[in-house]
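Computed from a predicted structure; not experimentally measured. Residue numbering restarts at 1 for every chain, and letters A, B, ... go by the order of the sequence lines.
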Number of protein chains: 2
Amino acid sequence: MSSRGFKHDLFAQFARVGKALSNGNRLELLEYIAQAERSVDELAKVSGLTMANTSQHLQQLRLAGLVSCRKEGLKVFYTLSGYDVIGLLDALRGVAERHVADVERLINAYLTVKDNLEPVPAAELLHRAREGLVTVLDVRPVEEYAAGHLPGAINIPLPELEARLDRLDLHKEVVAYCRGPHCILAFDAVERLRKLGRDARRLEGGFPEWQHAGLPVEDAGESH
Amino acid sequence: MSSRGFKHDLFAQFARVGKALSNGNRLELLEYIAQAERSVDELAKVSGLTMANTSQHLQQLRLAGLVSCRKEGLKVFYTLSGYDVIGLLDALRGVAERHVADVERLINAYLTVKDNLEPVPAAELLHRAREGLVTVLDVRPVEEYAAGHLPGAINIPLPELEARLDRLDLHKEVVAYCRGPHCILAFDAVERLRKLGRDARRLEGGFPEWQHAGLPVEDAGESH
DNA sequence: ATTCTAATCAATTGATCTATTGATAAGTAT
DNA sequence: ATACTTATCAATAGATCAATTGATTAGAAT
């Protein structure tokens, strides 16, 4: 095998992974899968894609080595192949944010009050939560919470926020988190809590980033 | 703007970066650019692509925010937009290596003596080089060496290795490095040095990774 | 002015990608 | 057996991508 040929083939293999990341729908699916193991129909529902389309995208992700799957009865559950995939997604997001001007414009256009929403770094939250100074709020759907969440976090899915406000201590600051740095659930939660007069901020990053950083995690078995 | 629309648009932007990484030729160009600032015709020559084709790929990389360019006289020089791009490329490589079975097979097929070529970690090299125990050998072309290299590294481009062997101390171990973890220059160098009875290993990673790790670097002005 | 070089642009062809549609397979439930 | 659910497969049309070709622009040199 020639040296040039080797190189060429090797870059072609790396490009397969790049190709898997080259479609917005696949990136969205990856973000959902990064929360918890998911079946195809869950992913289809939450992404708004058809079943067949979702299935095909998932197979492309699988061939690129980004996700693995497991069959159980009728359902097929997909999960990330490893934590390094979260690292890759973060690197992609980071580069896009720092270098693609459109991303910043988009974020600013949607998050008009962005500057009021300075995020809390993970290390700071961990410290303050241990001292009981803050309420940690998980605004993702119950299934995602059940699959794993921050220690001591209270789960109130975003649609029920106002209805179940009594679960949040009136006198503590609330730190909300959700799926990731650009998931808007936590942004919305903070905005709504502030309208209700609460002291609220959001966590920098989401659950996958927290987990990837090696910080402590609780799952359904030990939840409150 | 609806929340779903925002999310959709945002993922589409991230996918633009993924798309830039979805082609082997572009990844190869990025690796060359990661070594040093490069003009379009240099890149065309070294990659074997036509001028027009190279130019078009470079523009795609530019639109994705991965490279920037600067015009000087007739020439246009391209450079990485930031060090985070090296981090992204490493994450891509890492995931591909760990999860795409074909990559491993490819590497094993080419590097038949791979197990004899255990790389030296950067930290170890830095330590041993400071104590004068090893000769650090840069086997990249002179232009790349001039744009930046490891402190005290001796530059012998691979084709001239045997001819200029006298520049390497016979009694010290040689540690060779090149463009990156899969650049075959360093592999070849080690293999050839060993055939000549020298004690040689290669550095883990290449110059971009060394630089990205924040380790000390020399450039042409202070070279030996 | 003319010529040359470096780079980009514009148009084209063939290949690949995306989403849809309808069919099929595998497992459950009645 | 029959019906239902979940997921995949197969075929298709339209969109996008990649590489080539030839023309064009911008700057340098004679």
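In terms of modelled atom types and a separation under 3.5 Å, the side chain of A:Asn23 and the main chain of A:Arg26 share a donor-acceptor contact. In this structure, B:Asn155 contributes its side chain and B:Asp138 its backbone to a donor-acceptor pair below 3.5 Å.
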Base-contact (B) and sugar-phosphate-only (S) positions in nucleotides 17-30 of chain D, heavy-atom cut-off under 4.0 Å, - elsewhere: SSBBB----BBS--

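Rounded to whole Å, the distance from CG on B:Leu43 to C1' on C:dT8 is 15 Å. With rounding to whole Å, A:Arg16 atom CZ is found 14 Å from C:dT16 atom P. One interatomic measurement links the two molecules: CD of A:Gln59 to C1' of D:dC9, which rounds to 9 Å at whole-angstrom precision. Rounded to whole Å, atom C1' of D:dT5 lies 13 Å from atom CZ of A:Phe77. In this structure, the NZ atom of B:Lys75 is 18 Å from the P atom of C:dC4, given to the nearest Å. The interatomic distance linking A:Leu61 (CG) with C:dC17 (C1') rounds to 14 Å, in whole Å. Residue A:Leu27 contributes atom CG, which lies 11 Å from atom P of C:dT18 at whole-angstrom precision. As a whole-Å value, the separation of B:Lys45 NZ from C:dT5 P is 11 Å.
Residue B:Tyr78 is in sugar-phosphate contact alone, with no base atom involved, counting any heavy-atom pair closer than 4.0 Å across all strands shown. B:Ser39 comes within 4.0 angstrom of the backbone, heavy atoms only, and of no base.
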Intermediate values then yes/no, side-chain contact (heavy atoms from CB on, under 4.5 Å), B:Leu27 and B:Leu89: CA-CA 8 Å; B:Leu27 292 178; B:Leu89 291 173; 4.1 Å; yes

Acceptor/donor pairs from residues 71-78 of chain B side chains to any protein atom, 3.5 angstrom cut, sequence neighbours excluded:
from    : atom 1 : to      : atom 2 : distance (Å)
B:Glu72 : OE1    : B:Arg70 : NH1    : 2.5
B:Glu72 : OE1    : B:Arg70 : NH2    : 3.3

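Remark: of the listed residues B:Arg179, B:Arg93, B:Arg140, B:Arg93 is the sole one forming a salt bridge (Lys or Arg N to Asp or Glu O under 4.0 Å) with B:Glu31.
Two residues are said to be in side-chain contact when any heavy atoms from C-beta on lie closer than 4.5 Å; B:Leu58 and B:Cys69 fail this criterion.
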